[in-house]
Amino acid sequence: AKTDGGDRLAFYCEGMEERSRSRASIALDLKSAIQNGELELYYQPQNDTRTRSLKGFEALVRWKHPERGLVSPTEFIPIAEETGLILDIGAWVLEEACTAAAAWPEQYSVAVNVSALQIAQSTLSQQVAAVLARTSLAPARLEIELTESGLIADQAHALKVVLDLKKLGVSVAMDDFGTGYSSLSTLQNFPFDKIKIDRGFIMSLTANKQSAAIVKSTILLGTSLKIPVLAEGVETEDQLSFLLQEGCQSVQGYLFGKPLRLDECIALMDSERGE
Ligand code: C2E
Ligand code: CA
Ligand code: CA
Ligand code: CA
């Protein structure tokens with residue numbers, strides 16, 4: 001095939017067109033996805049670094065599109081955020097995750113991702129309180145994961161939402177730590193119960209001195225602030241032993257398990273408990 005500039009430019013434009021067409025059609029289909037029951041929650045194990053025991057799960061949404069097949073949340077969550085559909089999806093995820101966790105042995109927790117728009121909407125804490133009441137899930141078993149982008153738009157409002165959640169007894173984690181523009185001041189301004197180190201740093205942990213230093217410092221920071229640290233995307237024993245040595249409390253990643261369907265996640269809890 002010819003690879004001169006003209007051809008490449010044409011190819012690039014076609015690609016862009018296809019991309020925006022698929023974005024538009026995804027946005028349209030997403031509207032009906034909830035009503036049609038096309039969304040499904042998967043649960044990824046979170047384990048204690050030292051004992052390796054199972055502590056709980058992070059709920060991660062999946063979309064089983066009738067024609068496209070499985071659509072990744074990295075593809076549809078940004079579109080859902082732009083179109084406001086994240087409010088419906090977020091409400092569904094929260095209800096579904098709490099309903100599931102309420103039926104688990106009470107030692108296991110569930111973590112739910114919450115987007116910026118859900119924070120901006122002043123009713124998040126009431127919504128959470130209502131779901132906890134409906135499902136009878138103990139508040140301490142629910143963790144809300146927030147990213148920096150969800151907290152910067154209106155800091156005063158976001159702080160009130162976080163404090164209201166904490167008043168309910170729900171814990172609040174800072175997700176993707178280190179990837180935002182001001183992770184440290186966000187940490188200074190919000191009373192987080194957990195810091196989740198982004199997968200990007202863990203991925204390059206054993207190959208890259210910079211990553212190792214950043215991970216080490218983040219764990220130290222958590223220790224000084226008395227905030228437990230969880231490392232995301234742990235895939236190897238080498239990464240695990242580094243994290244153990246540095247005092248990171250918990251881990252999540254393919255080494256302990258990929259996101260599981262609810263039935264698989266229940267089977268895992270049963271086998272952990274020797275049933
Ligand atoms: P996240 O919250 O940082 O979630 C972690 C992502 O890393 C998940 O991807 C998970 O499957 C993946 N992961 C975990 N361990 C490993 C590992 O060891 N290796 C590799 N290569 N990947 C690992 P997923 O499920 O595709 O979700 C992507 C993002 O979509 C999430 O990033 C989160 O930002 C968003 N998302 C997912 N579910 C929800 C939801 O219910 N609500 C909102 N607002 N966002 C969600
Ligand atoms: Ca998360
Ligand atoms: Ca994350
Ligand atoms: Ca992430």
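Order of listing sets the numbers, starting from 1, for every ligand and every atom in it. Fair warning: this is a prediction, and the values are worked out from it, not measured in the lab.
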Do Thr51 and Asp48 get their side chains close enough for a donor-acceptor pair, meaning under 3.5 Å?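 Short answer, yes.
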Are Glu58 and Asn113 linked by a side-chain donor-acceptor pair shorter than 3.5 Å?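 On atom types as modelled, these side chains qualify, holding a pair under 3.5 Å.
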Pairs in or reaching into residues 231-263: which pass ring pair (Phe, Tyr, Trp, His ring centres under 6.0 Å), with residues at least two apart or in two chains?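 Checked against ring pair (Phe, Tyr, Trp, His ring centres under 6.0 Å) - neighbours excluded - no pair reaches residues 231-263.
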Reference residue Leu94; test side-chain contact (heavy atoms from CB on, under 4.5 Å); the match among Thr135, Ile144, Val114, Leu132: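 The side-chain contact (heavy atoms from CB on, under 4.5 Å) with Leu94 is passed solely by Ile144 among Thr135, Ile144, Val114, Leu132.
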Give yes or no for whether the N/O distance cutoff of 3.5 Å, strictly under, is met between [X] and ligand 1.
| X | result |
| --- | --- |
| Val93 | no |
| Gln118 | no |
| Glu235 | yes |

Using heavy-atom distances, let me know which of Gly200, Ser72, Pro73 sits nearest atom 24 (P) of ligand 1.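 That would be Pro73.
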Selection from Asp175, Ile202, Val234 by shortest heavy-atom distance to atom 1 (P) of ligand 1: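 Residue with the shortest heavy-atom distance to the ligand atom: Asp175.
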Residue-ligand contact [X]/ligand 1, heavy atom below 4.0 Å:
| X | result |
| --- | --- |
| Gly90 | no |
| Arg62 | yes |
| Met203 | no |

If we set the cut-off at 4.0 Å for heavy atoms, which region of Asp198 has an atom near ligand 1: side chain, backbone, both, or neither?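 No part of Asp198 is near ligand 1 at this cut-off.
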Side chain, backbone, both or neither: which part of Gln252 has a heavy atom under 4.0 Å from ligand 1?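 Neither part.
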Shared hydrophobic cluster, Leu244 / Leu230 (ILVMFWY, side-chain heavy atoms < 4.5 Å):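 No; Leu230 is not reachable from Leu244 via cluster members.
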Going by the rule side-chain hydrogen bond (donor to acceptor under 3.5 Å, both in side chains), which residues pair with Glu38 if we only count those two or more places apart in sequence or in a different chain?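 Glu38: side-chain hydrogen bond (donor to acceptor under 3.5 Å, both in side chains) contacts with Asn36, Trp63.
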Can you tell me if Glu272 uses its side chain to pair, donor with acceptor, with the backbone of Leu54 under 3.5 Å?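 Confirmed, Glu272 side chain pairs with Leu54 backbone.
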Where at least one partner belongs to residues 86-100, residue pairs that pass side-chain hydrogen bond (donor to acceptor under 3.5 Å, both in side chains), sequence neighbours excluded: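 Those involving residues 86-100 are Glu95-Arg134.
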What atoms in ligand 1 come closer than 4.0 Å to a heavy atom of Glu58?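 Under 4.0 Å from Glu58, ligand 1 has these atoms: 2 (O), 4 (O).
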Sorted by chain and residue number, which protein N/O/S atoms are under 3.0 Å from the Ca ion (ligand 2)?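 Short answer, with waters excluded from the count: Glu58 OE2, Asn113 OD1, Glu145 OE1, Asp175 OD2.
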